Amino acid sequence: MKKKKLNLRDLKVDDSGKKENSMNNKVSSQLSIREYIPSIFSFVMLIAGILFDYFETFPQFSGWIRILWYVVAYIPVGFPVIKEGWESIKQGDFFTEFFLMSIATLGAFAIGEYPEGVAVMLFYAVGELFQNAAVKRAKGNIKALLDVRPNTALVYRNGDYVSVDPETVEIGEKVQIRVGEKIPLDGVLLSQKASVNTAAITGESKPDAISKGDKVFAGSINLEGVIEIQSTKEFKDSSIARILDMVQNATARKSKTELFIRKFARIYTPIVVFLAICLTVLPYFIIENYVFSDWLYRALIFLVISCPCALVISIPLGYFGGLGAASRNGILFKGASFLDTMTQVNTVVMDKTGTVTHGVFKIKQIVSSAFTEKEFMNYLLAMEEQSTHPIARAVMQYELPIKKFSATKVTEIAGKGLKGTVNGKMVLAGNKALMTANKIEVPAETDTIVESIVMVAIDGNFAGYITIADELKEDAHEAIKQIRESGISKIIMLSGDKDSITQQVAKEMGVDWAKGGLLPEDKLNEVEALKKQVGTKVAFIGDGINDAPVLAASDVGIAMGGLGSDVAIETADVIIQTDQPSKIARAIKIGRSTRRIVWQNIGLAFGVKIIVMILGAMGMATMWEAVFADVGVAFLAILNAIRLQKMNWK
């Protein structure tokens, strides 16, 4: 299954687009029902014909009426296959399963075995429907809206701000962005200050506080107040457009596993055709009383027996069971081939923010030697409630039974923190630069802290500090343990967050090595370097827009679907719906169980088929026995595939 290439214009979403999508979904549903109509029609016609044949309920059912009846039953399922076989022949590809199915079933008609010809082609059509249903079910569960770019940009033109398509904005124009909106183009900040969330571009979990003249990037989210920027690039050259372009290129470079049955048919088909010809011709030189029609009949029976309908059914059924089992475990595979590839993975590369961490700031540590924790937090909360900065919001999550103090004369010092009066005392709350500017001595221990830190000084004396960090997900440690237990030899962390924070998280989790401070193209280069190592199969786990190029380039791309970026979800091969990293090991186990079931089904189909083919060549089996042999194999394959639904991979 090929990944869909992203078209920038396709990413625009408005109300009319949503209505259109809704209508398209209804049409798609109707089309899905229509796909089953030919097989249902052929099945009804076949059963009716068999009843007419064996119970003589319709005495006139003979001669041309009988032939015409089975021809009508055959056409809905047979014509598409014959057409596909003919198209392959025109392209120089003779020995496909379409060709084999065509000559086998037409051969059955040629020797007067009309019900068998219809039955064999019907089984083949049902197998194709199973395969299509497996892929559609997986894709249907991951319908994601590609809302990765703003639909409009508020541009200052002719004395007023007008809403336009971002692609029409020229370099140097002034653009206004309101709170919560995405910055539509790369540019520089015209406002005095701004707080922006750049996680979609860099993967950095901490929102950036920027000042007038600083660079801003398309796709970043404005967190505070109305701001203005001046565009420095056209949209086609912006950060988001560049990332989407990398996704397209990486998808084009990514090799796809061809379905086993397609490869197998190119070897199997010419062999059985050659054997059928030999079965017709060679007895002439060996047997004294050679009758051409008898040996032609045996050869056609042999050909009908040899058609791969049981294989075509058993293989997709196994994958269908695997896809269904994965879905019930909150894991969505976009195609059967990714279940196979997952079994070959020996290196897991993961993002940090949003993948193994929650991507949300929380207070990690409170340190104060001058005050009790409650009193210290009373001073800090009084200050921070005057601010709308994301770090202030994290501080305000601290639960204090009684808030004793309130702050007055609070001023915000850009890039440093807050200054104000609390309980009659002058209070400073901010970073080290604020402390240094006010000649406050800071303990040396704070220099080794890698997390975001808020320092507090009261009446000119250092009072303490709190650290704020992104929390690990509850099952992060368990995820690493289970991934190792599943046989993965190397676990790596690549993050756009600061290298010091990345290294700390990696050490805490016990991954093999880590690297931080990476841009999307840096992550892509690291993964492609790993892929060049002989025998290395890489699975990458990420959640943001910035991870999309790497998800596309890796052997298996795994996206966190609960809170993950829509582009990451669309680009990835596997979606973890619950955002739990521990599901990664489960996905590997499900892939291995599915592959084992599929190969069991293949072995079963081959074993039964070879036995019946030998009997057919010896004149000891008819086509009905071959059909029933295939039905039996298909039934056993179904039962075997159902086992996947009952397995427990915890």
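Quick caveat: nothing in here was measured; it's all calculated off a predicted structure.
- Nearest heavy-atom pair across D573 and L551 is OD2-O, 4.5 Å.
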Chi angles and distances behind the side-chain contact (heavy atoms from CB on, under 4.5 Å) call for D555, Q344: CA-CA 9 Å; D555 294 300; Q344 303 164 20; over 6 Å; no
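- Here the closest non-hydrogen pair linking I480 and G510 is CG2-O, 4.3 Å.
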Worked check of side-chain contact (heavy atoms from CB on, under 4.5 Å) between Q580 and K473: CA-CA 8 Å; Q580 295 174 287; K473 290 180 178 177; over 6 Å; no
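- The line from CD of Q503 to CD1 of I501 is 11.5 Å long, rounded to the nearest 0.5 Å.
- Here ring-ring contact (aromatic ring centres under 6.0 Å, His included) pairs that include residues 437-460, with residues two or more places apart or in two chains, number zero.
- In this structure Q230 satisfies the side-chain hydrogen bond (donor to acceptor under 3.5 Å, both in side chains) test with no other residue, sequence neighbours excluded.
- For K523 against V550, the heavy-atom pair with the smallest separation is CB-CG2, 3.6 Å.
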Salt bridge (charged side-chain N to carboxylate O under 4.0 Å, His left out) assessment of K193 paired with E224: CA-CA 9 Å; K193 62 177 182 176; E224 296 179 16; 5.5 Å; no
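- In this structure, the side chain of N525 does not engage the main chain of E528 through any donor-acceptor pair within 3.5 Å.
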Please lay out, stage by stage, how L418 and S387 fare under the test side-chain contact (heavy atoms from CB on, under 4.5 Å). CA-CA 8 Å; L418 302 170; S387 174; 4.0 Å; yes
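- Atom CG in D512 sits 11.0 Å away from atom CD1 in I488 (nearest 0.5 Å).
- Between the CD1 atom in I491 and the CH2 atom in W513 there is a gap of 13.5 Å [rounded to 0.5 Å].
- Within 6.0 Å of NZ in K419 there are 12 or fewer heavy atoms belonging to other residues, nucleotides or ligands.
- In this structure, the side-chain contact (heavy atoms from CB on, under 4.5 Å) partners of A587, at least two apart in sequence or on a different chain, are I331, F333, M342.
- If you take CG on D351 and CE on M493, they are separated by 8.0 Å, rounding to the nearest 0.5 Å.
- Y398 meets the ring-ring contact (aromatic ring centres under 6.0 Å, His included) test with no other residue; sequence neighbours excluded.
- Remark: F405 engages Y379 in a ring-ring contact (aromatic ring centres under 6.0 Å, His included) (not counting sequence neighbours).
- Interatomic distance, M560 CE to K583 NZ, rounded to the nearest 0.5 Å: 10.0 Å.
- Here the closest non-hydrogen pair linking M383 and G420 is CE-N, 3.4 Å.
- Evaluation of the salt bridge (charged side-chain N to carboxylate O under 4.0 Å, His left out) test over residues 499-511, restricted to residues two or more places apart or in two chains, returns none.
- The ring-ring contact (aromatic ring centres under 6.0 Å, His included) pairs that include a residue from residues 427-459 number zero, where partners must be two or more places apart or lie in different chains.
- With sequence neighbours left out, D459 forms a salt bridge (charged side-chain N to carboxylate O under 4.0 Å, His left out) with no residue at all.
- Listed by chain and number, the residues in a salt bridge (charged side-chain N to carboxylate O under 4.0 Å, His left out) with E234 are K236 (sequence neighbours excluded).
- Listed by first and then second residue, the salt bridge (charged side-chain N to carboxylate O under 4.0 Å, His left out) pairs involving residues 431-444 are K432-D447 (not counting sequence neighbours).
- Under the salt bridge (charged side-chain N to carboxylate O under 4.0 Å, His left out) criterion, K362 pairs with E471, not counting sequence neighbours.
- F540 places none of its side-chain heavy atoms less than 4.5 Å from the side chain of E526.
- In this structure the side chain of V527 reaches within 4.5 angstrom of the side chain of L494, judged on heavy atoms.
- Annotation: the span from T355 atom OG1 to I558 atom CD1 amounts to 10.5 Å, rounded to 0.5 Å.
- Qualifying side-chain contact (heavy atoms from CB on, under 4.5 Å) partners for E228, counting only residues two or more places apart in sequence or in other chains: Y161, K174, Q176, L190, S191.
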List the steps and the verdict of side-chain contact (heavy atoms from CB on, under 4.5 Å) for M350 and I483. CA-CA 12 Å; M350 58 180 64; I483 290 171; 4.2 Å; yes
